Engineer: 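Dropping a structure here in C-alpha cells format, bear with me for questions.
Residue numbering restarts at 1 for every chain, and letters A, B, ... go by the order of the sequence lines. Since the model is a prediction, treat every value here as computed from it, not as a measurement.
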Amino acid sequence: MLVATWNVNSLKIRKERVLAWLADRRPDVVCLQELKGVDEAFPFEEIRQAGYHAAVFGQRTYNGVAILAREEPAEVERGFGDGVDDQQARLIAATVAGVRVLSAYMPNGGEVDSEKYEYKKEWLGRLKTYLERRDLLSQPMLLCGDFNIAPEKQDASRPEEWEGTVLFNDEMRAKFQEFLQMGLVDTFRMHQPEGNFNSWWDYRQLAFPKNNGLRIDHILASPSMARCCIASRIDREARKGKLPSDHAPVFAEFSAS
DNA sequence: ATGGTTGCTTAGCAA
C-alpha cells in the first residue's frame, strides 16, 4: 500500500496538477491539506474518474483536509469531536483497507508567543488526547499531514536561519517528541535516518532554487504499521514546474494491509 | 537594497 500526504495550498488552483500526479504516481491513499474550499467545491467527479473515492472536510478560504483512496473510506470522522468550539477544518479520519488514516493540518502558529502560537500548542494537545481516547496507537494507524514542525535540527537546510521560528524551536521539537514517545514512528526517518531533506519551501526569495526549506510534512505510523513500512520518500519533483504548491508530497509504502 | 510570493477575497490576511 502506497500512502502519500500533500499540502496542496488550494485544490482549486492545484486540481489539474493533482490529477496528473495521481495518474503518474498511482498512490493507494492520499491525505490532502489546505484545500481552501468548501465541500461543495470539491471536484468529486474528476477524482472519481481518476479512480479515487474521497472523504472531505472543507472550509471556505482556509484549511480544509481530505482523504483520497482506491477503496471507499469508511467510518469518516471530521474534527476532534471533543466539544471545543472550533471552526477550523484541520482533521479528518477514515478507515481504509483496515488502517485508520488521519489527514491533519496542524496550525502554523504565526509568531512565537502570539495567539496563533497558543492555538497551535492547544491543537497539538487536543490531537494527543484524540489519539489516546480512541486508542489509535494499539491499531494499524497512520497520522499524516502538514505538522508545521521540523522535528530535528537536520530537518532544516539552514538551521541558523530558522531557529526560534514557530516551525523550528525547542518547544515544537519537544511537542513532536511527545508523539514519538506515545509510540508513533516517523516513517521517513526509519529509512533515511541521517541528512537534510525538505518537504516545504517558501514561495519567497527563491527558497526552492536555493533549497532553503524544512521537513514539516510527515507520515507517522503506529507500531503495527511501522513494522510493515518498507519505504519512504519525498516527491521533490512535484514541487517543480508551473504553479507548484509550496509543499512536496511525502510517501510511505507498506507491505501489508 | 527595509525588498521578495502565492492564494483567497476584495486591501488585508494567512502562510
Engineer: Check the distance between dC8(B)'s P and Y62(A)'s OH and give it to me in whole angstrom.
Structural biologist: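 In whole Å, dC8(B) P lies 11 Å from Y62(A) OH.
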Engineer: To the nearest angstrom, how far is N108(A) atom CG from dT6(B) atom C1'?
Structural biologist: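 Distance, rounded to whole Å: 14 Å.
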Engineer: Taking atom P of dA15(B) as reference, at what distance in whole Å does atom CG of L214(A) sit?
Structural biologist: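 Between P of dA15(B) and CG of L214(A): 16 Å.
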Engineer: Determine the interatomic distance between P on dA14(B) and the same-named atom on dT10(B); round to the nearest Å.
Structural biologist: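 That atom pair is separated by 14 Å.
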Engineer: Check whether the side chains of E34(A) and N7(A) place a donor and an acceptor atom closer than 3.5 Å, and report yes or no.
Structural biologist: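 N7(A) and E34(A) do have a side-chain donor-acceptor pair below 3.5 Å.
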Engineer: Verify whether one side chain among N198(A) and R215(A) offers a donor that lies under 3.5 Å from an acceptor in the other.
Structural biologist: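 Absent: no donor and acceptor within the cut-off.
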Engineer: Does S10(A) have a side-chain nitrogen or oxygen under 4.0 Å from the phosphate oxygens OP1 or OP2 of dT6(B)?
Structural biologist: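 Looking at the OP1 and OP2 atoms of dT6(B), neither is under 4.0 Å from any side-chain N or O of S10(A).
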Engineer: For K36(A) and dC13(B), give me the distance from atom NZ to atom P, rounded to whole Å.
Structural biologist: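 In whole Å, dC13(B) P lies 15 Å from K36(A) NZ.
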Engineer: Which parts of residues 115-123 of chain A get close to DNA chain B, meaning a heavy atom less than 4.0 angstrom away?
Structural biologist: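 Those residues whose heavy atoms fall under 4.0 Å from DNA chain B, taken from residues 115-123 of chain A in numerical order, are K116(A).
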Engineer: In terms of side-chain heavy atoms of Y203(A), which of dC8(B), dA15(B), dT5(B) is nearest?
Structural biologist: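 For Y203(A), the side-chain atoms sit closest to dT5(B).
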Engineer: For atom C1', what is the distance between dG4(B) and dA15(B), given to the nearest Å?
Structural biologist: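 Here dG4(B) and dA15(B) have their C1' atoms 15 Å from each other.
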Engineer: Rounding to a whole Å, what distance do you find between L35(A):CG and dA15(B):C1'?
Structural biologist: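 It is 15 Å, rounded to the nearest whole Å.
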Engineer: Could you tell me whether the side chains of W6(A) and D235(A) share a donor-acceptor contact shorter than 3.5 Å?
Structural biologist: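 Result is no, nothing qualifies.
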Engineer: Where does the angle between the aromatic ring planes of F251(A) and W21(A) fall among parallel (under 30°), tilted (30 to 60°) and perpendicular (over 60°)?
Structural biologist: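 Geometry flag for W21(A) against F251(A): parallel rings.
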Engineer: Rounded to whole Å, how long is the line connecting atom CG of N212(A) with atom P of dT5(B)?
Structural biologist: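 N212(A) atom CG is separated from dT5(B) atom P by 15 Å.
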Engineer: With distance as the sole criterion, is a donor-acceptor pair present between the side chains of E171(A) and Y117(A) under 3.5 Å?
Structural biologist: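 Y117(A) and E171(A) do have a side-chain donor-acceptor pair below 3.5 Å.
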Engineer: Using a heavy-atom cut-off of under 4.0 Å over every strand shown, decide if L243(A) touches base, sugar-phosphate, or nothing.
Structural biologist: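 Sugar-phosphate contact only - L243(A) comes under 4.0 Å of backbone atoms but never of a base.
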Engineer: Let me know, please, whether L11(A) or E34(A) comes out on the 5' side of the other along DNA chain B by nearest nucleotide.
Structural biologist: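 Looking at the nearest nucleotide for each, L11(A) comes out on the 5' side.
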Engineer: Look only at the side chain of K120(A) and the backbone of N108(A), and say whether a donor-acceptor pair between them is shorter than 3.5 Å.
Structural biologist: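 Yes.
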Engineer: Pairing donors with acceptors under 3.5 angstrom, does anything connect the side chains of E161(A) and N212(A)?
Structural biologist: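 Yes, N212(A) and E161(A) have a side-chain donor paired with an acceptor closer than 3.5 Å.
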Engineer: Does F208(A) reach a base, just sugar-phosphate, or nothing at all? Heavy atoms under 4.0 Å.
Structural biologist: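 No contact.
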Engineer: Atom pairs, N/O to N/O, protein against nucleotides 1-4 of chain B, distance under 3.5 Å?
Structural biologist:
{"residue": "dG4(B)", "atom": "N7", "partner": "Q205(A)", "partner atom": "NE2", "Å": "3.1"}

Engineer: Taking for each residue the nucleotide of DNA chain B with the nearest heavy atom, is it L206(A) or G110(A) whose nucleotide lies nearer the 5' end?
Structural biologist: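 Of the two residues, L206(A) wins.
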Engineer: What is the distance, to the nearest angstrom, from the NE2 atom on H247(A) to the C1' atom on dA15(B)?
Structural biologist: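 So the two atoms are 8 Å apart, to the nearest Å.
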Engineer: Taking dG12(B) as the reference, what is the distance to dA1(B) when you measure between their C1' atoms (whole Å, please)?
Structural biologist: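 Those two atoms are separated by 25 Å.
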Engineer: Passes side-chain contact (heavy atoms from CB on, under 4.5 Å), W201(A) versus N211(A)? Steps please.
Structural biologist: CA-CA 7 Å; W201(A) 299 259; N211(A) 194 35; 2.9 Å; yes
Engineer: If you measure only the distance, is there a donor-acceptor pair under 3.5 Å linking the side chains of Q139(A) and S224(A)?
Structural biologist: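 Result is no, nothing qualifies.
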Engineer: Can you identify which nucleotide, out of dT10(B), dA15(B), dG7(B), has its nearest atom closest to the R60(A) side chain?
Structural biologist: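 Nucleotide nearest to R60(A)'s side chain: dT10(B).
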Engineer: Can you list, pair by pair, the side-chain donor-acceptor contacts under 3.5 Å of residues 74-84 of chain A, counting residues two or more places apart and other chains?
Structural biologist:
{"residue": "E77(A)", "atom": "OE1", "partner": "Y130(A)", "partner atom": "OH", "Å": "3.0"}
{"residue": "E77(A)", "atom": "OE1", "partner": "R134(A)", "partner atom": "NE", "Å": "3.1"}
{"residue": "E77(A)", "atom": "OE2", "partner": "R134(A)", "partner atom": "NH2", "Å": "2.9"}
{"residue": "R78(A)", "atom": "NE", "partner": "V56(A)", "partner atom": "O", "Å": "2.8"}
{"residue": "R78(A)", "atom": "NH2", "partner": "V56(A)", "partner atom": "O", "Å": "3.3"}
{"residue": "D82(A)", "atom": "OD1", "partner": "V84(A)", "partner atom": "N", "Å": "3.1"}
{"residue": "D82(A)", "atom": "OD1", "partner": "R126(A)", "partner atom": "NH2", "Å": "3.1"}
{"residue": "D82(A)", "atom": "OD2", "partner": "R126(A)", "partner atom": "NE", "Å": "2.7"}
{"residue": "D82(A)", "atom": "OD2", "partner": "R126(A)", "partner atom": "NH2", "Å": "3.4"}

